[in-house]
Amino acid sequence: ELHRVVLTITDQKFVMESAEALRRVLAAHHSRQDYELVVPLQLIRQARESQRLFNIVLGAIAAISLIVGGIGIMNIMLVSVSERTREIGILKAIGATPSVIMLQFLIEAALLSLGGGLIGVLLAYFTISVLEMLTAASMTEEQGGEVLTLATRIRRFAEQDPYRVCMREKRFGIWQD
């Protein structure tokens, strides 16, 4: 009884045609479908489609976050202006034009936004580093050699092409050394 057959196609453009020919041969020689045909190219396409959908969802979340952050900064600046009417009056009294006063508040809002964004990026980096240390510390040496930590996998998957990640990590269990 045969458990696994691994075929290697030299040219990528013939992969789908070869898979279809193999399906026909298997269907002709098997009365019932007691086999599974796994084509890495299809898995890679599915991974890319999943990554595309994931990017769309993350983009939508980022857009909503930016809108909420902008509204928060707008409210803070509104309170800041209403609480600083005396300062604004003094600035006008010593000759400041409305555009100079507005520029002062715009610079303050921009610095507030940049500071918040920088804190968010540093917090995310710190969180990923802590997760890597915690998951790596809880593994035995054997597991550490075999398993990548979750944070490292997420970082590698986000930074690289899914095809190369799947090939390197042998994610689908169909490639052999």
Side-chain angles (χ1 to χ4, degrees), residues 12 15 38-175:
Q12 186 176 358
V15 170
V38 178
V39 180
L41 195 57
Q42 290 173 333
L43 297 174
I44 292 165
R45 286 182 184 155
Q46 289 172 351
R48 284 188 180 149
E49 181 65 20
S50 297
Q51 184 181 20
R52 188 181 70 77
L53 290 174
F54 188 68
N55 288 343
I56 289 171
V57 169
L58 284 180
I61 291 171
I64 292 170
S65 298
L66 287 173
I67 290 170
V68 169
I71 291 171
I73 290 172
M74 179 186 67
N75 286 336
I76 290 171
M77 295 312 297
L78 178 66
V79 169
S80 176
V81 168
S82 62
E83 287 180 352
R84 291 164 56 182
T85 53
R86 186 173 181 181
E87 180 184 335
I88 294 170
I90 293 171
L91 287 172
K92 282 186 173 184
I94 60 173
T97 62
S99 62
V100 169
I101 296 170
M102 187 171 60
L103 181 66
Q104 175 185 345
F105 281 99
L106 283 175
I107 291 172
E108 187 177 318
L111 289 175
L112 186 66
S113 300
L114 287 173
L118 183 63
I119 289 170
V121 167
L122 291 174
L123 213 109
Y125 185 77
F126 175 74
T127 303
I128 288 175
S129 299
V130 167
L131 283 175
E132 276 184 333
M133 287 188 306
L134 289 177
T135 55
S138 66
M139 286 191 280
T140 65
E141 288 184 24
E142 292 173 3
Q143 290 172 328
E146 296 174 5
V147 181
L148 292 172
T149 62
L150 176 64
T152 303
R153 283 182 179 226
I154 291 171
R155 184 183 298 161
R156 284 184 181 168
F157 192 75
E159 291 174 351
Q160 296 180 6
D161 181 35
Y163 175 77
R164 289 195 180 101
V165 173
C166 292
M167 289 296 287
R168 185 179 61 245
E169 294 185 14
K170 298 176 181 150
R171 173 166 299 176
F172 299 110
I174 52 179
W175 291 281

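Keep in mind the model is a prediction, meaning the values are calculated, not measured.
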Would you compute the distance between atom [atom1] of [X] and atom [atom2] of [Y] and round it to the nearest 0.5 angstrom?
| X | Y | atom1 | atom2 | value |
| --- | --- | --- | --- | --- |
| L106 | I101 | CG | CD1 | 12.5 Å |
| L66 | I73 | CG | CD1 | 9.5 Å |
| I76 | E108 | CD1 | CD | 10.0 Å |
| L53 | R48 | CG | CZ | 14.5 Å |
| T97 | L103 | OG1 | CG | 9.0 Å |
| I128 | L123 | CD1 | CG | 10.5 Å |

> Could you walk me through whether L78 and M74 pass the side-chain contact (heavy atoms from CB on, under 4.5 Å) check?
Replying inline: CA-CA 6 Å; L78 178 66; M74 179 186 67; 5.6 Å; no
> Do any pairs count as a side-chain hydrogen bond (donor to acceptor under 3.5 Å, both in side chains) and have a residue in residues 54-79, sequence neighbours left out, and if so which ones?
Replying inline: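 Sorted pair list comes back empty.
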> What are the two closest heavy atoms between M77 and F105, and how far apart are they?
Replying inline: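 Smallest interatomic distance, heavy atoms only, reads CE-O, 3.4 Å.
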> In terms of side-chain geometry, is the basic nitrogen of K92 or E87 positioned less than 4.0 Å from the acidic oxygen of its partner?
Replying inline: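 Salt bridge: no.
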> Does S113 reach the main-chain N or O of A109 with its side chain, forming a donor-acceptor pair under 3.5 Å?
Replying inline: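 Here the side-chain-to-backbone pair exists.
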> R86: what forms a salt bridge (Lys or Arg N to Asp or Glu O under 4.0 Å) with it, not counting sequence neighbours?
Replying inline: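 Residues passing salt bridge (Lys or Arg N to Asp or Glu O under 4.0 Å) with R86: none at all.
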> What do the steps show when you test Y125 against V130 for side-chain contact (heavy atoms from CB on, under 4.5 Å), and what is the final call?
Replying inline: CA-CA 9 Å; Y125 185 77; V130 167; over 6 Å; no
> Any side-chain heavy-atom pair from Q104 and R84 closer than 4.5 angstrom?
Replying inline: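 They are in side-chain contact.
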